[in-house]
Amino acid sequence: MLIQVLKSKIHRVTVTEARLDYIGSITIDPLLLEAAGIMEGERVFIVNNNNGERLDTYTIAGEPGSGVICLNGAAARRVQPGDIVIIMAYALMTPEEAEGFKPKVIFPDTMTNKLD
């Protein structure tokens, strides 16, 4: 049996853009992706702290060092620039693998979306 376990989390970042005219996804500064251990194209779950919306999509790497957090396509209707979101990725593991597993969690500055 496999269970889903939190693998990675970017905790409390600020949405910088919302673009309806894109086919889908979330664009994230690749420095944040790397720090959190999230791959480009990986499925992520997003929680909007401002309005309670929850959604899932896949990641696209933006400009390194830009701090970009941009919801694209239909997801853009669920956020506004300035909203605070949490971005999470999960992994499938056996209960034995999950027993001692520790997720990678990062806490960027919410004003700049950059790591200290």
Side-chain angles (χ1 to χ4, degrees):
M1 170 178 62
L2 296 176
I3 59 173
Q4 284 189 330
V5 176
L6 178 68
K7 175 186 79 80
S8 305
K9 179 163 81 167
I10 302 173
H11 189 75
R12 296 182 55 86
V13 287
T14 302
V15 173
T16 58
E17 299 174 59
R19 304 175 110 192
L20 279 171
D21 61 340
Y22 194 82
I23 59 172
S25 72
I26 182 171
T27 304
I28 302 174
D29 182 327
L31 299 177
L32 296 175
L33 290 175
E34 182 179 347
I38 298 173
M39 297 177 63
E40 186 168 11
E42 187 171 349
R43 183 182 190 187
V44 291
F45 296 83
I46 301 158
V47 177
N48 186 329
N49 284 4
N50 291 74
N51 63 18
E53 289 281 354
R54 293 176 162 267
L55 61 119
D56 68 310
T57 189
Y58 62 94
T59 61
I60 292 179
E63 182 70 28
S66 65
V68 66
I69 301 292
C70 179
L71 278 294
N72 300 304
R77 294 214 183 267
R78 302 221 175 151
V79 299
Q80 295 292 316
D83 285 357
I84 302 292
V85 297
I86 298 170
I87 302 165
M88 299 165 287
Y90 294 84
L92 291 173
M93 299 180 192
T94 65
E96 295 77 23
E97 289 172 313
E99 183 73 25
F101 181 79
K102 300 287 185 223
K104 196 166 199 179
V105 179
I106 63 168
F107 300 89
D109 181 287
T110 55
M111 297 299 289
T112 64
N113 289 343
K114 296 182 182 177
L115 298 169
D116 294 331

Trainee: Does I106 share a hydrophobic cluster with I46, counting links as ILVMFWY side-chain heavy atoms below 4.5 Å and allowing steps through other members?
Mentor: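 Both belong to a single hydrophobic cluster.
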Trainee: Please report the interatomic distance CD1(I69) to OG1(T110), rounded to the nearest 0.5 Å.
Mentor: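 Reported value, rounded in 0.5 Å steps: 12.0 Å.
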Trainee: In the hydrophobic clustering (ILVMFWY, side-chain contacts below 4.5 Å, transitive), which residues join Y58, or is it alone?
Mentor: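 Hydrophobic cluster check, Y58: joined to Y22, I23, I60.
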Trainee: Heavy-atom distance under 4.5 Å between the side chains of E40 and P30, does that happen here?
Mentor: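 Contact flag for E40/P30 side chains = no.
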Trainee: With rounding to the nearest 0.5 angstrom, report the CG to CD1 distance, N48 to I86.
Mentor: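 The CD1 atom of I86 is 9.5 Å from CG of N48, to the nearest 0.5 Å.
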Trainee: L115 and A35: which non-hydrogen atoms are nearest, and at how many Å?
Mentor: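 In terms of heavy atoms, the two residues are closest at CD1-CB, 3.4 Å.
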Trainee: Decide, yes or no, whether a salt bridge links K104 with E34 under the criterion of side-chain N to carboxylate O below 4.0 Å.
Mentor: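 No, this pair does not count.
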Trainee: Is there a donor-acceptor contact under 3.5 Å from the side chain of N51 to the main chain of R78?
Mentor: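 Such a contact is found between N51 side chain and R78 backbone.
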Trainee: Rounded to the nearest 0.5 Å, how far does CD1 of I87 lie from CG of L32?
Mentor: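 Nearest 0.5 Å value for the CG-CD1 distance: 8.0 Å.
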Trainee: With no hydrogens and no angle check, is any side-chain donor or acceptor of T14 less than 3.5 Å from a backbone partner on T112?
Mentor: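 Answer holds: no.
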Trainee: Apart from F101 itself, what residues make up its hydrophobic cluster when side-chain heavy atoms of I, L, V, M, F, W and Y under 4.5 Å apart count as a link, directly or indirectly?
Mentor: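 Grouped by the 4.5 Å side-chain rule, I3, V5, M93 form the rest of the cluster around F101.
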Trainee: In terms of side-chain heavy atoms, does T27 have a donor or acceptor partner in N72 at a distance below 3.5 Å?
Mentor: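 Short answer, yes.
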Trainee: Tell me who clusters with M111, hydrophobic residues only, linked when side chains sit under 4.5 Å apart either directly or through other members.
Mentor: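 M111 clusters with nothing; isolated.
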Trainee: Of all the heavy-atom pairs spanning D29 and S66, show the shortest one and how long it is.
Mentor: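 Scanning both residues completely, I find the closest heavy atoms to be OD2-N, 3.0 Å.
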Trainee: Do you know which two heavy atoms are closest between N49 and R12, and how far apart they sit?
Mentor: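 That closest heavy-atom pairing would be ND2-NH1, 3.0 Å.
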Trainee: Taking all non-hydrogen atoms of both residues, which atom of S8 and which atom of A36 are closest, and how far apart?
Mentor: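 S8 and A36 have their closest heavy atoms at OG-O, 2.8 Å.
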Trainee: Please name all residues satisfying side chain to side chain donor-acceptor pair (under 3.5 Å) with E97, sequence neighbours left out, ordered by chain then number.
Mentor: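 T94.
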Trainee: For the atom pair NZ (K102) and CG (L6), what is the distance rounded to the nearest 0.5 Å?
Mentor: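 With rounding to 0.5 Å, NZ (K102) is 12.0 Å from CG (L6).
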Trainee: Is the closest side-chain heavy-atom distance between T16 and P81 below 4.5 Å?
Mentor: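 They are not in contact (no side-chain heavy atoms under 4.5 Å apart), so the answer is no.
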Trainee: So, taking the atom named CD in E96 and the one named CE in M1, what distance separates them when rounded to the nearest 0.5 Å?
Mentor: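 Atom-to-atom, E96:CD and M1:CE are 8.0 Å apart.
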Trainee: Tell me, please, which residues at least two apart from D21 pass side chain to side chain donor-acceptor pair (under 3.5 Å).
Mentor: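 Residues passing side chain to side chain donor-acceptor pair (under 3.5 Å) with D21: none at all.
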Trainee: To the nearest 0.5 Å, what is the distance between CG (L2) and CG (L92)?
Mentor: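 Separation between the atoms: 5.5 Å.
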Trainee: Taking all atoms of both residues into account, what is the closest heavy-atom pair of A75 and L55, and its distance?
Mentor: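 Minimum heavy-atom contact is CB-CD1, 3.6 Å.
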Trainee: Mind checking what makes salt bridge (charged side-chain N to carboxylate O under 4.0 Å, His left out) contact with E63, not counting sequence neighbours?
Mentor: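 Counting only residues at least two positions away or on another chain, E63 forms no salt bridge (charged side-chain N to carboxylate O under 4.0 Å, His left out).
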Trainee: Any side-chain heavy atom of V79 within less than 4.5 Å of one from E53?
Mentor: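 No, every pair of side-chain atoms sits at 4.5 Å or beyond.
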Trainee: Shortest non-hydrogen contact from L31 to G65?
Mentor: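 Looking at all heavy atoms of both residues, the shortest contact is CD1-N, 3.4 Å.
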